[in-house]
Amino acid sequence: MKKRILNLAVALGAALLASTQVSASTLDDVKQKGFLQCGVSQGVAGFSIPDAEGKWTGFDVDICRAVAAAIFNDPTKVKFTPLSAKDRFTALQSGEIDLLSRTTTWTMSRDTAMGFMFPATTYYDGQGFMVRKSLGVDSALKLDGAAVCAATGTTTELNLADYFKAHGMKYQGVAIEDSTQLRQAYDEGRCDVLTTEQSILYSQRSSLKQPDDHVVLPEIVSKEPLGPMVRQGDIGWFNIVKWTAFAMLNAEELGITQANVEEMKASTNPEIQRVLGVKNADGTAPGFGPGIGLDEQWAAFIVKGVGNYSEIFERNLGAQSPLKVKRGVNALWKDGGFQYAPPIR
Amino acid sequence: MVLATYVRDLEAPKLPPPSNLKSIRHHLRENYFSSLGSGAMTVVLGSLLLWLAWRIVGFAIIDAVWTGTSSEACVSTDGTVIGACWPVVSQKFGQWIYGFYPVAERWRINICAVAFVAGLVPMLTPSVPYKMVNVVYLLVVFPLAAFVLLTGGNFDLSPGSYAGVVCLALLVAASLPLLIFGVDEGTSRNSLGLALAGAAFILWGASFISQVDFTVFGVSLDSGLLSVASGCVSLWVILSDSVGRRSRALRFWSVGIVALLASMLLLDIDFGLVPVETAQWGGLTVTLVVSITGIAASLPLGILLALGRQSNMPAIRIMSVGFIEFVRGVPLITVLFMASVMLPLFLPPGMNFDKLLRALVGVALFSSAYMAEVVRGGLQAVPKGQYEGATALGLSYWQMMAKIILPQALKISIPNIVSNFIVLFKDTTLVLIIGLFDLLAMAQTGLRDAAWASPVTASTGYLAIALIYWAFCFSMSRYAIYTERRLHTGHKR
């Protein structure tokens, strides 16, 4: 009888353990599943949006594909979970997705208290201004006395007030709730300036009656660093996502593109050789990929799969897209932007 | 000669001709310009309507753009007014209908749609015979076939699950003698079978909770073994009696078990279809899957709940009332939100319920609570004499409900039942909350496409979507009116 009870207790304990056991490594899970489960937005032009065949495209989507390429040498081994702004954190926390790449702003509370980590900033966004070209304004500092359209109840309204106060300027606020109505109000001339996140300003501009008559001013008045997000507690996975982003920046810096990545493997530049995982001069492997649990050629897989940073930017947001977003602060550090990746060595 | 005073000596005044025989002019004067106020109202409202119609026609047809390959076609460069941008609809239409379903596999959805219409149209046409066959097709054959076709089937059921179903069916067989011979005689004839079944239940429950296999005399004592023994005894009891052999209960039981095993086999077979997970479904497909499942599940569930609420048995009544009042007390959006945000936190990591399944269960339970109240309204409208008459005829509870009460109650409730269906159909747009892309969500996403960005893209898209929803809801409501007229047997209210 005693033994029976003991058996029961052990069995119950085992059942409990089995159900609360958290898997040790996201990378192992992903490898075992054979695909990466990536959370994206439910449709933001340029960042994640389904194309005519229902295939997800966009800047955030390509970050997911890059991580999949680094792991599997196949950028198609991703499944996308479109998430609303409310759902996104639960989905990551509960393990429904492995990686969140959904125009999420890096903030302290998200990074610390909420139990997430931001491996890298892939897109420096911030509140910007759009004006009519006919106004002849080339800087936000010349907007004194302007009528400004902003969305109600958002931080954009507060940032707007701060910015104008700090520079001793006056403005007349036109507050509108819905983003479509906001655009229409601006288009009908109810205000001189439209303000919201710069990445959204560009897509708003393409929906105006005469997109070419409007210009997005260069100033950014708030910090909205956007990037992928992972769960806290799995540093190996954090490193993989972080260095996937850095590898794309390094590739751009070194001129490695999707088209020339195979030829570049023959390059004698030691930096390029290290990035692409080509053997060292003494015949030993560089070992950066295996160091984070990936193949020696992980970075070459990324570039071959989705391209370098510049390529995914231009394809989804920049010159080759209808949005025509300028690189601006997202240019490489040597071109005067913020994008700076530590070297691979 | 003097006629009696009660005999009329004057001709009765002539009645005006029936209104449908009058001239248009007369009709207009009578109904629209009968007084100064009414005339003014007609002019004001009429011109407003005309203006609105003119604006809509102008936007949707006259100023509309019909061809083009990108948003450039819909952006005016010389200041001319541009109406609806129809190319964006034709470009995105496939996505609206099929969502993310792989293009090469879209034929599967088409076949399902054709099969559904082929079953629904004869069902809804009263003059077509074989309604029973039709019901079986719509409620059993079609859902199974559609499920296999849409998901790809090939579920790799283990031999254990077949064995489990057989064991369960054998356990159910133990109760058959009770139905055939009555409770008392059935119990005494099949006492051994019932005892074995009870033992199997207890053993199964105990081993499930404790995860320990029980052994007696070194032989593993399996609940499956017990249920097989119980089933054999019960079947022998039935088959050894000529009444039992010819009983309907036995026939239903054997048809049921064969159907169950056949459908399991259907899910198990590899038809060579590419599996398509529900995450890839979307658009009108998801809207229809959710709403049709909701409609099909909510009516029977709602009837049962309504009957439960009026039941004399306290346990059933309290449970029904509790469920109905709880569900009606929370908005659908909360139910879905709970299912999407809270549920994953309670489940062990890595364990995920299918999102579509969550939506289906949520929507079906939600609308069944509302349906229950609609049906209860109908039940209460049936005069008490009908209940008493049925009881006086010696009908059992279920006979009374099925043959006397429900036909009347449901007929009275048709308008409300259909408006419930329509509400359910439109409520499916809320599944976006849990990341499912129904028709509206799919369209909204498509309209954000920068390649089609123009000032009229959004308005065109919403106009088209509104037309699609309207077509479905309007046809449902027209069919309901038709049914109401057909079942109308007197007492016009």
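Throughout, a chain's letter reflects where its sequence line sits, starting with A, and its residues are numbered from 1. Predicted model, so just to flag it, every value in this text is computed and none were measured.
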Side chain from CB out, backbone as N, CA, C, O: work out which of these in [X] comes under 4.5 Å of a heavy atom of chain B, or both, or neither.
X	result
A/Q210	side chain
A/K79	side chain
A/T81	side chain
A/D51	backbone

Flag, side chain of [X] to backbone of [Y], donor-acceptor distance under 3.5 Å:
X	Y	answer
B/T287	B/D438	no
A/T196	A/L201	no
A/K324	A/G318	no

- So is A/R327 actually on top of A/F313's ring, under 6.0 Å and inside 45° of the axis? yes
- Query: Sequence neighbours excluded, which residues qualify as side chain to side chain donor-acceptor pair (under 3.5 Å) partners of A/T156?
  - Reply: A/T154
- Can you check whether B/F100 and A/F80 have ring centres sitting under 6.0 Å from each other? no
- Message: Test side chain to side chain contact (heavy atoms under 4.5 Å, CB included) on A/I63 and A/V241; report intermediate values, then the result.
- Response: CA-CA 9 Å; A/I63 301 285; A/V241 179; 5.6 Å; no
- What residues of residues 276-286 of chain B sit under 4.5 Å from chain A when only non-hydrogen atoms are counted? B/E277
Check each atom of [X] against the heavy atoms of chain A and say whether the ones under 4.5 Å are side chain, backbone, both or neither.
X	answer
B/Y98	neither
B/S454	backbone
B/L432	both

- Of the listed residues (B/K355, B/R106, B/Q91), which shares the most heavy-atom pairs with chain A below a 4.5 Å separation? B/K355
Would you be so kind as to tabulate the donor-acceptor pairs closer than 3.5 Å made by side chains of residues 79-88 of chain B, with sequence neighbours excluded?
unit_1: B/T80; atom_1: OG1; unit_2: B/D78; atom_2: OD1; d: 3.1
unit_1: B/W86; atom_1: NE1; unit_2: B/A60; atom_2: O; d: 2.7

- Task: List for me each residue that meets ring-ring contact (aromatic ring centres under 6.0 Å, His included) alongside A/F238, sequence neighbours excluded, and say none if there are none.
- Result: none
- Could you check whether the rings of A/F47 and A/Y123 sit parallel, tilted or perpendicular, using 30° and 60° as the cut-offs? perpendicular
